[in-house]
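Naming: A, B, ... by sequence-line order, numbering from 1 per chain.
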Amino acid sequence: MTTEPDSSADAAEPRGAATATVPPEDPPPAGGPAVVSADKPRVGTADLIFKNLTRTAGLGLLALIAVIAVFLVLRATHALNANTGNFLTTEEWFPNATPPKFGVAATLYGTVVSAAVAMIIAVPVAVGIALFITVYAPRQLSSVLGYIVDLLAAVPSVVYGLWGLIVLAPHMKGIQLWLNDYFGWIPIFDAESVGRSLFVASVVLAIMILPIVAALSREVFLQVPIAHREAALALGATRWEMIRVAVLPYGKPGVISASMLGLGRAMGETIAVALVLPASFNISAHLLSPAGNTIAANVANGWGEANDIGRGALIASGLVLFIVTMIVNIIARAIVARRREFSGSAA
Amino acid sequence: AKGSITGSGSSAQKNAIDEWVKAYQNACSGATINYQSTGSSTGRQQFISKQVAFAGSDSALKDQQKTDADARCTGGAAVDLPMAVGPVALMYHVSGVNGLQLSAQTLAKIFAGKITKWNDPAIKAENSAASLPDATIASVHRSDGSGTTDNFTKFLKGAGGADWTFDSGSDWKAPGGQGAKGSDGVTSTVKSTENSIGYAELSYAENAGLSTVKVKNAAGEYIEPSTDGASLGLSTAKVADGDDLKLTFDYTTATKGAYPVYLVTYEIACTKGLSADQAALVKSFLTYTASDAAQSSIGDLGYAPLPDAVATKVRAVVAKLA
Amino acid sequence: MATRIDVTGLTAYYGKFKAVADVNLTIEPKNVTAFIGPSGCGKSTVLRTLNRMHEVLPGARVEGKVLLDGEDLYGAGTDPVNVRRTVGMVFQRPNPFPTMSIYENVIAGLKLNGVRKKALLDERVEESLRGANLWEEVKDRLGRPGAGLSGGQQQRLCIARAIAVEPQVLLMDEPCSALDPISTLAIEDLITKLKSSFTIVIVTHNMQQASRVSDATAFFSLEKTGDPGRLVEFDKTSKIFSNPTEKRTEDYVSGRFG
Amino acid sequence: MATRIDVTGLTAYYGKFKAVADVNLTIEPKNVTAFIGPSGCGKSTVLRTLNRMHEVLPGARVEGKVLLDGEDLYGAGTDPVNVRRTVGMVFQRPNPFPTMSIYENVIAGLKLNGVRKKALLDERVEESLRGANLWEEVKDRLGRPGAGLSGGQQQRLCIARAIAVEPQVLLMDEPCSALDPISTLAIEDLITKLKSSFTIVIVTHNMQQASRVSDATAFFSLEKTGDPGRLVEFDKTSKIFSNPTEKRTEDYVSGRFG
Amino acid sequence: MSGPAVDGGADHLGLRGQILPRWVPLAVAAGAVVVSLLIYLLTPVDSEIQIVLMSALFFVIAMTAVSTAVEGGRRARDRFATTLVYGAFLLAVIPLVAVLASVISKGAGRLDGAFFTHSMNGIGARDVGGGIYHAIIGTVEQVLLASVLAVPFGLLVAIYLVEYGRGRVSRVISFFVDVLTGLPSIIAGLFILAFWVLALDQGFSGFAGALALAVLMIPTVVRSAEEMLKLVPNELREAGYALGVPQWRTILRVVVPTALPGIVTGVMLAVARVAGETAPVLLTVFGTNLINSNPFSGEQSSLPLYIYSQAGQPQQFAVDRAWAAALVLIIIIMVLNLIARLFAGRNRLR
Ligand SMILES: Nc1ncnc2c1ncn2[C@@H]1O[C@H](COP(=O)(O)OP(=O)(O)OP(=O)(O)O)[C@@H](O)[C@H]1O
Ligand SMILES: Nc1ncnc2c1ncn2[C@@H]1O[C@H](COP(=O)(O)OP(=O)(O)OP(=O)(O)O)[C@@H](O)[C@H]1O
Ligand SMILES: [Mg+2]
Ligand SMILES: [Mg+2]
Ligand SMILES: O=P([O-])([O-])[O-]
């Protein structure tokens with residue numbers, strides 16, 4: 001069946017046959033082999049333009065962030081210099097008084113705790129929802145269900161705030177009392193009275209970030225190749241085992257990213273928290289007590305009636321939030337990076 | 001006058017301004033006035049940075065602010081013009097208790113956290129007839145910076161004497177109690193919290209159907225909050241000399257029927273320095289707001305008319321604006 | 001203990017599309033059965049009905065009966081998880097778990113079944129990788145990601161993963177289509193070795209392979225596109241390749257390909 | 001107009017790993033050159049260096065020279081995009097664009113390079129799909145997603161897509177490994193047809209296929225895992241399969257596999 | 001498929017597994033509810049929500065126990081996971097229904113024709129009428145402008161990060177994108193206020209608001225687009241390159257369309273977020289009762305601003321206006337979301 005090489009091929013005996021196994025017998029033409037590094041390929045003009053466009057956008061983003069950071073620092077220093085308290089350890093917030101005395105300790109605590117509790121509530125639920133939509137729900141239903149959860153994102157934050165204040169907080173009273181009755185021996189559930197607490201604010205935040213984490217996780221899970229899911233099932237995995245073996249590991253970096261987006265939102269949420277929390281400036285481990293404040297909410301509360309120092313102080317607290325977000329993200333990235341080469345995705 | 005101007009600041013005067021703007025625009029078609037309640041301090045800042053033509057403020061300009069504001073009014077000066085007076089009501093939610101009467105001292109102790117039970121002897125002494133529960137008082141204050149807080153704490157400081165050791169100001173400084181955002185937030189928190197007490201402009205209390213405290217005035221009477229009572233209360237205030245009509249409240253002079261907890265909200269305007277059409281519109285609008293008709297039109301919104309003495313001075317200064 | 005598979009009146013659908021119609025065949029225990037036929041005739045589909053992997057696809061469903069040693073695969077009390085543990089599968093395209101190392105890939109199935117003993121796992125990993133002729137190439141990098149291997153290596157990894165759970169029946173969907181001859185030989189040897197205790201069904205396009213490894217051969221075909229695929233002839237491999245009953249079978253296997 | 005490829009001292013790396021070392025060979029125009037060898041010996045890698053697809057992998061780089069009709073593929077002024085338009089490629093695993101219909105998949109290369117004329121596109125779609133022996137099966141559903149086809153159909157779609165842009169050289173990495181014999185025959189016929197005007201390089205594990213379609217054959221191998229793959233022997237196909245110079249080549253091609 | 005023809009009934013292959021009949025979960029669920037109701041009736045329990053929580057808890061425990069006993073550990077874990085996953089979905093639906101129910105019940109009353117066609121111009125504090133026309137215009141314009149600024153920009157950044165970025169620069173960018181997600185919205189407003197409105201003296205305008213909203217949108221857009229682009233298999237890129245398609249075209253015509261449904265989801269999340277923002281808008285567009293359809297000059301209003309200011313009023317009818325506006329805002333975002341999904345869905349050929 002072999003097609004005989006045509007005459008031209010016949011004439012030209014394939015070269016290199018003789019030298020193939022003998023390494024560099026025929027020396028490269030001009031002193032050393034032409035080394036071409038893949039890092040510096042010549043690229044077409046359009047490609048170059050596009051690449052630089054995207055690069056400029058990326059650098060533009062850095063510039064924007066730098067400008068914001070500089071803005072925050074510039075506006076903050078004046079107030080920090082006038083502060084008679086320790087900015088990091090003082091709990092009270094009296095920047096408009098004479099002399100001004102303020103610190104972020106209480107609001108930072110509230111920010112971190114409310115965001116953390118919100119994440120503890122929201123992330124597992126969101127992952128559950130994403131799994132429900134991508135793995136459990138019948139196909140025809142899944143996009144409708146996905147849409148339903150996305151609707152949570154359509155509720156404006158001011159409405160969440162009003163709802164949290166008027167509807168949720170009274171309803172949460174029972175649950176909080178119950179937690180206090182039965183789990184009161186755990187300090188965080190211990191409270192003299194319950195009300196618009198950090199816990200309630202966390203629930204509101206959890207509801208707000210739920211659609212973000214759920215929607216992005218859903219998209220990530222949808223991308224898990226069928227082949228991986230089938231491989232697991234063919235090994236005799238139950239549905240849950242299939243999820244554990246194929247879906248979750250593949251989607252983990254994406255879920256962490258989505259969670260970081262949610263966490264950012266939770267820590268930065270302004271108006272809803274301002275409406276819900278009673279804005280007290282003290283650090284208390286009792287999550288159910290009507291107390292607590294967050295940096296973002298404090299800015300919203302304080303801005304309208306703040307004097308010059310007061311504004312600087314609020315901006316300084318915004319800067320703190322910026323830095324905290326940075327630290328949290330460093331940690332998240334370290335977690336993702338640990339097994340990067342095992343990630344299922346490209347790039 | 002024609003054209004459009006913007007103003008910003010106090011939320012306490014928003015309802016009054018809305019009403020005045022409506023009437024004014026009906027009368028002068030072609031003129032629009034846009035007032036946004038951003039908070040008094042922001043209003044003053046925006047006025048200083050020339051973003052708005054006038055500002056609404058629940059407190060008069062302080063020294064440094066006055067200097068900055070004067071600089072904004074090139075060739076003229078910034079003036080504080082008292083424009084509306086409102087009673088601040090103390091709303092409470094204690095089942096089975098009606099007609100609660102409290103003195104400034106008792107209120108100060110309650111809001112300072114020195115009195116923590118509703119059946120405290122101090123409260124009992126003033127309400128012998130009431131059956132006060134053995135319940136913890138939940139005091140509710142503003143969590144955001146507020147002119148209402150400023151005026152209420154001025155009252156506690158001025159009338160409460162040694163029982164109120166905190167400074168007055170737009171930030172709540174006493175420990176304890178719980179905050180709520182905005183007068184509506186305070187109102188709904190009081191409404192949904194048993195054994196609570198809080199303060200807000202009278203109109204919020206009335207709309208929410210909450211009981212209000214009768215507050216003891218310098219004449220020793222317990223007075224229901226009312227616009228007329230607030231007017232009487234303010235009538236003893238000292239008006240500063242010159243064009244800048246800063247008021248200094250007087251909580252000690254006994255006036256029959258006076259309700260002692262009130263706030264005064266000012267308009268801050270330039271005597272000179274605005275562009276001609278803006279200046280004309282500001283002047284025209286403020287002329288209307290200081291008029292008797294305008295002052296009496298806002299009574300049922302929870303505002304009291306300026307006492308005559310003050311109103312006369314305001315009209316005189318408005319006439320000088322250019 | 002090997003397992004006989006009886007297929008009766010099997011029809012498989014993808015939604016409304018009837019992909020294969022009315023297949024009847026019996027797969028003997030300790031035998032290798034090959035499925036051959038042109039692309040799209042439904043070989044993979046039939047294969048997947050044998051361990052209920054077909055029903056994993058949305059809209060896919062099955063009519064007819066599949067008995068595994070007399071037990072109804074689609075019976076009311078039958079657990080598809082147990083079915084798949086008993087009837088293992090190797091796919092057309094290599095699909096190692098990308099988040100797992102080579103080692104973890106091989107023991108993935110065992111782990112699910114609760115095997116935890118390190119020594120046993122280690123032993124099984126070596127055994128399975130040797131069986132798939134991959135041990136020598138990867139023994140020094142068992143901790144590296146499975147997805148970093150070449151295509152052929154990946155497929156052999158998948159075979160190792162499937163045989164590590166020691167199923168009763170092994171379904172293979174063109175397992176060698178991405179393999180070089182040496183690996184193919186290893187797999188074919190392995191198949192011959194495995195069939196002494198297991199029942200094996202293999203889909204292949206490689207007629208030589210079918211004739212080399214299989215005892216029985218099923219030839220599927222379809223009239224024209226859009227029609228369902230059908231089982232044209234099913235017989236001993238020697239018969240199918242030397243003296244088929246059907247003209248269409250003869251045309252197909254006598255092609256000059258291989 | 002066909003194109004000769006001269007490869008000199010080619011060494012390819014994945015990061016620090018040297019995958020293939022020092023390959024020297026000349027691919028004649030209007031010829032079919034086959035790359036054979038065991039899995040992991042670097043056939044795919046060498047193939048990918050011929051149209052600079054190697055360098056799209058992170059960390060991958062190349063030393064040595066590849067001349068296309070005397071023009072340096074890796075020269076300073078050479079645009080890899082032009083290289084790839086001239087040197088087309090079909091991959092081991094079918095990879096149709098999932099967002100595109102069958103029709104759009106075929107014309108993807110043309111469209112993305114600016115061809116807009118409907119009539120020309122229609123014509124080219126039919127021509128290419130016929131060439132890939134897929135036309136009859138899909139002509140009624142050109143608007144359906146390309147990813148909905150069976151594995152074999154998908155691969156033929158990818159071949160259609162590659163030949164639609166009419167490259168000078170066509171690189172095929174085991175293009176038939178997922179195809180049934182009928183499709184394989186069609187592709188082999190197509191290759192024979194195409195070589196009258198184009199240069200073709202094909203990686204295959206199928207020795208028969210190599211001997212059927214190719215004029216020259218390059219046998220790659222590697223000493224042991226971890227070592228780079230090397231070109232063992234390169235010669236006319238008839239010589240490689242009948243009378244190879246190297247013992248290792250003989251061992252490999254005389255295997256009983258097919 | 002019925003009537004298993006088992007010879008001798010032996011199940012030596014162990015195919016049959018002990019699967020609980022379908023009615024068992026229902027029965028366990030009913031039992032859990034009954035027990036919780038009994039507890040509710042017999043002991044002092046504080047809230048109805050607890051009945052639900054307790055029932056759920058009892059169901060999970062009982063079901064897991066039954067399943068472990070009958071079906072074995074693996075199935076029990078599977079059932080447990082299934083229960084949790086279904087539970088997660090129901091748990092998310094509860095607040096959704098609660099929020100929507102209260103918004104609808106409080107807001108539907110004011111949804112008449114006049115509400116949509118009128119502004120608040122000339123509406124005094126005592127007047128019941130008024131509408132949100134001006135606020136709808138403001139919100140739609142500001143959000144669209146913000147999207148026009150943020151989406152292409154964010155997409156370009158994401159493309160850079162996934163397709164081009166290899167070195168430290170891209171890691172730094174990617175990192176700070178995450179940091180930007182934590183920027184409180186009010187700080188974004190302050191920033192634009194300080195730079196655009198004050199320093200550059202551009203005045204209040206819808207556009208200033210759009211700038212602030214864009215700052216808030218960018219990180220969400222970048223992050224979600226980045227995740228989605230990463231998931232596009234390399235094979236598709238290679239297929240594109242191998243056809244001689246330049247990288248930029250491959251990215252725009254192959255990679256981005258493949259990732260589009262996910263990107264759209266991310267963009268819609270970003271839109272939904274900023275469409276509901278109050279604080280940054282308050283600081284940058286100022287607000288007005290009048291209709292101003294020019295986003296580039298003069299104060300505008302916006303729905304969240306409207307909701308915020310009306311909800312703070314003492315009069316009940318103003319609060320009603322706020323809830324009605326909230327309902328409208330939710331509907332607008334829903335509709336936008338639906339349109340975007342339909343559009344993206346067309347590209348999702350599977
Ligand atoms: N997931 C699916 N959805 C819809 N139709 C499908 C699906 N998988 C396969 N088909 C169709 O079912 C028919 C049989 O496909 P199948 O994959 O079983 O063929 P095959 O014989 O294995 O082909 P190949 O040799 O190409 O693998 C084909 O027409 C195919 O297009
Ligand atoms: N992307 C990659 N990164 C790192 N190493 C790789 C990569 N691709 C291939 N290799 C390694 O390079 C060597 C050559 O691989 P290549 O894919 O070229 O082999 P092949 O001859 O095509 O094998 P097969 O027949 O299995 O396709 C192998 O050792 C392989 O593990
Ligand atoms: Mg198949
Ligand atoms: Mg290869
Ligand atoms: O009018 P306020 O400043 O109290 O809102």
Item to check | Least distance between heavy atoms, G109(C) atom then L235(A) atom | outcome: N-CD1, 3.8 Å

Checklist entry - Under a 4.5 Å heavy-atom cut-off, does chain C meet the side chain of R239(A), its backbone, both or neither? => result neither

Checklist entry - Which heavy atom of L112(C) sits nearest a heavy atom of R244(A), and at what distance? => result CD2-NH2, 4.0 Å

Item to check | Min side-chain heavy-atom separation Y250(A)-P98(C) under 4.5 Å | outcome: yes

Checklist entry - Do you know which two heavy atoms are closest between F91(C) and A231(A), and how far apart they sit? => result CE1-CA, 4.0 Å

Checklist entry - Shortest non-hydrogen contact from V245(A) to T99(C)? => result O-OG1, 4.4 Å

Item to check | Gap between atom CZ of R85(C) and atom OG1 of T238(A) - 0.5 Å precision | outcome: 9.0 Å

Item to check | Atom group of R161(C) that falls short of 4.5 Å from chain A, counting heavy atoms | outcome: both

Next on the checklist: Taking every non-hydrogen pair under 4.5 Å, which of V81(C), V56(C), V87(C), N51(C) racks up the most with chain A?
Outcome noted: V81(C)

Checklist outcome for this item: All heavy atoms of E230(A) vs all of L57(C), minimum pair found to be OE2-CD2, 3.6 Å

Checklist entry - Any idea which heavy atoms bring P96(C) and H228(A) closest together, and the distance? => result O-CE1, 3.3 Å

